[in-house]
Amino acid sequence: MSSSSGTPESWIASFCSLLGHEYFAEISEDFIEDDFNLTGLQTQVAMYKESLEMILDVEPEEDEDEDEDEEEEEGEESVEGEDRNISRAARERRHHRMASDLSIIESSAEMLYGLIHQRFICSRAGIQQMSEKYELAHFGVCPRTFCDQVRTLPVGLSDVPGEDTVKLFCPSCLDVYVPPNSRFQTVDGAFFGRTFGALFLLTFPEYDISKKGADTLAAGRPLPAVHTPDGEEKEKINGFNASNLAPGLGRGKVYEPKIYGFKVSERARSGPRMSWLRKRPLNVADLDEAAIHAADHPDESEEDGLNGVSTRRRLVPPNRPRTNGSPMSIEATNGETYG
């Protein structure tokens with residue numbers, strides 16, 4: 001493939017421009033050429049060397065016998081017809097040999113690129129490139145109605161290739177969805193992995209994830225950054241903006257089925273199920289357990305709060321039942337087990 005300027009297009013650029021590969025970032029060749037970044041991939045990909053050469057657009061080494069045949073063919077200028085026949089036969093032999101392995105090398109190169117991509121998007125350069133895609137809503141929006149078209153992130157449910165396809169993670173409702181377009185449902189989820197989604201939100205806590213992706217898609221440009229006045233800081237909980245803590249959940253963000261205006265009881269056969277998973281406290285400061293503990297124990301030192309065994313025991317009231325490891329059983333304070 002070649003670009004409009006006449007220069008040949010790289011394998012990486014052509015791979016990312018394929019239909020259904022819009023989620024992929026273009027990995028820099030410096031990242032691929034660093035052997036440390038490819039540790040452990042040699043045993044996971046068939047024809048690893050040939051696949052790596054294809055990704056980096058490195059010409060494979062030709063056999064010496066073929067080079068000698070070509071030199072002999074070029075040196076015999078007396079019989080032009082024989083030269084044409086010999087050169088054509090040599091090209092056919094090489095094409096037959098390459099065609100037999102080309103399909104395997106191409107599939108292995110795609111697998112290798114995907115596994116490298118899983119590591120690249122967790123690096124500084126890769127996550128910055130993905131943030132630009134996120135600002136432009138290249139990953140789409142959440143299909144949930146109460147999320148109001150919040151931009152999503154591509155994630156995988158497994159880090160092992162071949163187990164599941166890529167999913168879309170919504171930071172507003174903290175749920176994952178199947179991409180609406182079928183062309184993304186053939187992309188392996190391991191090429192994005194389980195680390196990227198959470199790492200992205202921790203790396204860019206200043207993003208306002210409640211912004212609509214439709215506005216970005218319509219304008220074709222990233223949303224302007226929201227700057228707080230000088231000296232004013234946003235409320236943070238454990239280093240995360242409180243406004244970004246699941247804004248799509250809580251009161252008014254959960255569908256309530258009604259019959260002629262009356263709410264349906266959860267005990268009813270047709271009532272709502274597991275609605276508590278969508279709940280969110282009215283005051284998000286209630287989620288800051290560290291601040292609550294510090295307010296309740298002002299005389300306790302940091303060392304006791306972090307390392308002391310007695311501190312962990314003081315955190316549990318004496319009358320609170322303890323679990324013995326099973327979620328279905330409760331161990332009382334007198335040693336008896338119920339359930």
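Note that the numbering runs from 1 along the sequence shown for the chain.
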Query raised in the report: Would you say Glu9 and Ser17 make side-chain contact, with heavy atoms under 4.5 Å?
Result: yes

Query raised in the report: Considering only heavy atoms from C-beta outward, does the side chain of Leu157 approach that of Glu163 to under 4.5 Å?
Result: no

Query raised in the report: Less than 4.5 Å apart, any side-chain heavy atom of Ile27 and any of His117?
Result: yes

**Report entry** Sidechain N-carboxylate O distance under 4.0 Å for Arg151, Glu135
**Finding:** no

Query - Considering all heavy atoms, the nearest Pro161-Leu115 contact - result: CG-CD2, 3.5 Å

Can you list, pair by pair, the side-chain donor-acceptor contacts under 3.5 Å of residues 36-48, counting residues two or more places apart and other chains?
residue: Asn37; atom: ND2; partner: Phe31; partner atom: O; Å: 2.9
residue: Thr39; atom: OG1; partner: Phe36; partner atom: O; Å: 2.8
residue: Gln42; atom: OE1; partner: Gly40; partner atom: N; Å: 3.4
residue: Thr43; atom: OG1; partner: Gly40; partner atom: O; Å: 3.4
residue: Gln44; atom: NE2; partner: Gly40; partner atom: O; Å: 3.3

Report task. Start with the C-alpha distance between Thr203 and Ile127, add both sets of side-chain angles, then the distance that settles side-chain contact (heavy atoms from CB on, under 4.5 Å), and finish with yes or no. Result -> CA-CA 8 Å; Thr203 306; Ile127 205 169; 3.6 Å; yes

Query raised in the report: With no hydrogens and no angle check, do the side chains of Ser28 and Asp30 hold a donor and an acceptor under 3.5 Å apart?
Result: no

Report summary line: One should read off an interatomic distance between Glu50 CD and Met54 CE, to the nearest 0.5 angstrom, of 9.5 Å

Report task. Examine the side chains of Lys167 and Thr165 and answer whether a donor and an acceptor come within less than 3.5 Å of each other. Result -> yes

Query raised in the report: Around atom CG of Leu202, are there more than 12 heavy atoms of other residues, nucleotides or ligands at under 6.0 Å?
Result: yes

Query raised in the report: Are the aromatic rings of His21 and Phe24 close, with centres under 6.0 Å apart?
Result: yes

Query raised in the report: Between Glu22 (side chain) and Gly20 (backbone), is there a donor-acceptor pair under 3.5 Å?
Result: yes

Query raised in the report: At their closest point, which heavy atom of Cys122 faces which heavy atom of Gln118, and how far apart are they?
Result: SG-O, 3.7 Å

Requested in this report: I would like to know whether Glu29 and Leu56 meet side-chain contact (heavy atoms from CB on, under 4.5 Å); could you show each step before the answer?
Outcome: CA-CA 7 Å; Glu29 294 186 359; Leu56 297 176; 4.2 Å; yes

Query raised in the report: Would Ile116 and Ile32 satisfy side-chain contact (heavy atoms from CB on, under 4.5 Å), going step by step from the backbone distance to the final call?
Result: CA-CA 8 Å; Ile116 300 174; Ile32 300 177; 4.3 Å; yes

Requested in this report: Quick one: closest heavy-atom pair of Glu26 and Cys16, and the distance?
Outcome: CG-SG, 3.7 Å

Query - Ile55 side, atom CD1; Ile105 side, atom CD1 - distance, nearest 0.5 Å - result: 11.5 Å

Query raised in the report: If you measure from NZ on Lys133 to OH on Tyr23, what distance do you get to the nearest 0.5 Å?
Result: 10.5 Å

Query - Heavy-atom pair of closest approach, residues Cys173 and Arg144 - result: CB-NH1, 3.8 Å

Query raised in the report: Who passes side chain to side chain contact (heavy atoms under 4.5 Å, CB included) against Val254, sequence neighbours left out?
Result: Arg278

Requested in this report: Quick one: pull up NZ in Lys253 and OG in Ser172 and give me the separation to the nearest 0.5 Å.
Outcome: 7.0 Å

**Report entry** Shortest non-hydrogen contact between Met130 and Ala25, atoms and distance
**Finding:** SD-CB, 3.8 Å

Report task. For Thr152 and Phe169, indicate whether the former's side chain and the latter's backbone hold a donor-acceptor pair under 3.5 Å. Result -> no

Query raised in the report: Between atom OG of Ser107 and atom CG of Leu102, what is the distance when rounded to the nearest 0.5 Å?
Result: 9.5 Å

Report task. Return the minimal non-hydrogen interatomic distance between Leu168 and Pro179, and the atom names on each side. Result -> CD1-CA, 4.0 Å

Report summary line: Sorted by chain and residue number, the side chain to side chain contact (heavy atoms under 4.5 Å, CB included) partners of Arg194 (sequence neighbours excluded) come out as Asp159

Requested in this report: Quick one: sort the Phe200 and Tyr134 rings into parallel, tilted or perpendicular, breaks at 30° and 60°.
Outcome: perpendicular

**Report entry** Side chain proximity check, Leu153 to Phe196, heavy atoms < 4.5 angstrom
**Finding:** yes

Query - Value rounded to 0.5 Å, distance of OH in Tyr207 from OG in Ser131 - result: 4.0 Å

Requested in this report: Decide whether Ile121 and Leu199 are clustered together by the hydrophobic rule: side chain heavy atoms of Ile, Leu, Val, Met, Phe, Trp, Tyr closer than 4.5 Å, transitively.
Outcome: yes

Report task. List the steps, then state whether side-chain contact (heavy atoms from CB on, under 4.5 Å) holds for Tyr113 with Trp11. Result -> CA-CA 10 Å; Tyr113 185 86; Trp11 185 94; 3.8 Å; yes

Query raised in the report: Taking side chain as C-beta onward, heavy atoms only, is Cys170 less than 4.5 Å from Tyr177?
Result: yes

